[in-house]
Protein chains: 2
Amino acid sequence: MAAARRSDCPIGFALDCFGDRWTLLVIRDLLFKGKRRFQDFRRSEERIASNILAERLRALESAGIVDRHVAARNEGGVTYCLTTKGIDLAPVLVEMIIWSAQYDARTAADPEFVAAARADRNALLDAIAATYRADQGRDFATS
Amino acid sequence: MAAARRSDCPIGFALDCFGDRWTLLVIRDLLFKGKRRFQDFRRSEERIASNILAERLRALESAGIVDRHVAARNEGGVTYCLTTKGIDLAPVLVEMIIWSAQYDARTAADPEFVAAARADRNALLDAIAATYRADQGRDFATS
DNA sequence: CTGTATCCTTAGGGATACTG
DNA sequence: CAGTATCCCTAAGGATACAG
């Protein structure tokens, strides 16, 4: 169901994976907002429709960026989490956040986050991955 | 003509600026392929239509990411170049290239480029900016 | 709660022709 | 060469209802 890729360019490939108006927001929710459930994503500020969300999650799963887990009955519900391939998108998102923080006055990026990124980017990325893996989902992206 | 922004999230802002199927390819052409002219962009592998290209260039200009220059008559033509704000998108593109190089076998990223990025990312970004400003437009992104 | 299923609307995009 | 102007069309997205 994936659209035919338009070129062998790495930028083009990345665009094919997450170059639409919704996918990166879902990844943001996973990476920075600790969201794991369908309804969590739906409640995000941007108000994604349920059919669109379902489709994006399926696409992300089939791209190997997200894992879908069906919890035991008594646990309730379905959860999504990033694979390593998904966590490896953190640098892309971080650079986008830094760029927006620099050029958009209205952007609600955490100044501490940006300062940390500039001071020691590798340490920040390690921290993000560690935090993600610890499943604590601190909200880095917005105050 | 810019669509209303959907949120104050920095990721959302970035998406509003270049989160479509074409804009980042134009920026790629400027940043890594030394392209400066309308027809250059049109000749890119992905074959953008002239009306779409014109619209994206206008949007990029009005976002302050690209500057439009009308050369003297004897110089011929119109050229586009990145502003500082546009050059500052290099980190985003670089991370996308690294990610694609890691996860897509078909991607035609220059191994030297990726190695340089991993070895000393800041040096690479400086080199990109310097090369860009020197207007040499070496082709970093693809072999 | 996690999705499907429909229906409908619109914006984005392709093709093509044309202009200064 | 650097775009406009049209026309057309489809895929992407919103609303809503509902199923397991």
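First the proteins, then the strands, lettered A, B, ... as listed; each starts at 1.
- Side-chain atoms of B:Trp99 never come within 3.5 Å of backbone atoms of A:Gly86 as a donor-acceptor pair (strictly under, hydrogens ignored).
- Going from atom CG of A:Asp20 over to atom C1' of D:dG14 covers 15 Å, rounded to whole Å.
- Side chain of A:Lys85 to main chain of A:Ala63: a donor-acceptor pair is present (N/O by atom type, distance under 3.5 Å, no hydrogens or angles).
- A:Arg47 comes within 4.0 angstrom of no nucleic acid atom, judged by non-hydrogen atoms across all strands.
- Taking atom CD1 of A:Ile52 as the reference point, atom C1' of D:dT16 lies 13 Å away to the nearest angstrom.
- Listed nucleotides D:dG14, D:dT4, C:dG14 differ in distance to A:Trp22; the shortest reach to its side chain belongs to D:dG14.
- Comparing B:Arg43 and B:Glu55 against DNA chain D, the residue whose closest nucleotide sits nearer the 5' end is B:Arg43.
- Among the heavy atoms of the strands, none lies under 4.0 Å from B:Arg42.
- Phosphate proximity of D:dG3 to B:Tyr80: present, with a side-chain N or O under 4.0 Å from OP1 or OP2.
- In this model, no side-chain donor or acceptor of A:Ser50 finds a partner on the base of C:dT2 within 3.5 Å.
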Intermediate values then yes/no, salt bridge (charged side-chain N to carboxylate O under 4.0 Å, His left out), A:Lys33 and A:Glu45: CA-CA 12 Å; A:Lys33 294 179 179 287; A:Glu45 192 181 1; over 6 Å; no
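- When rounded to the nearest whole Å, the span between CG of A:Asn51 and P of C:dG3 equals 13 Å.
- In this structure, A:Arg21 atom CZ and D:dA11 atom P are separated by 19 Å, rounded to whole Å.
- For C:dT2, one of the phosphate oxygens OP1 or OP2 lies less than 4.0 angstrom from a side-chain nitrogen or oxygen of A:Arg37.
- Look at CZ on A:Arg68: it is 4 Å from P on C:dG3, rounded to the nearest Å.
- If you measure from atom CD of B:Glu46 to atom P of C:dG12, you get 20 Å, rounded to the nearest angstrom.
- Residue B:Arg56 places at least one side-chain N or O under 4.0 Å from the OP1 or OP2 atom of C:dG13.
- Taken from CG in B:Leu57 to OG1 in B:Thr23, the straight-line distance is 9.0 Å, to the nearest 0.5 Å.
- Spacing between atom CZ of A:Arg58 and atom C1' of C:dA5 amounts to 12 Å, rounded to whole angstrom units.
- Side chain of B:Arg42 to backbone of B:Ala49: no donor-acceptor contact under 3.5 angstrom is found.
- Using a 4.0 Å heavy-atom cutoff across all strands shown, B:Phe41 reaches no nucleic acid atom at all.
- Straight-line distance from the NE2 atom of A:His69 to the C1' atom of C:dC1: 18 Å, rounded to whole Å.
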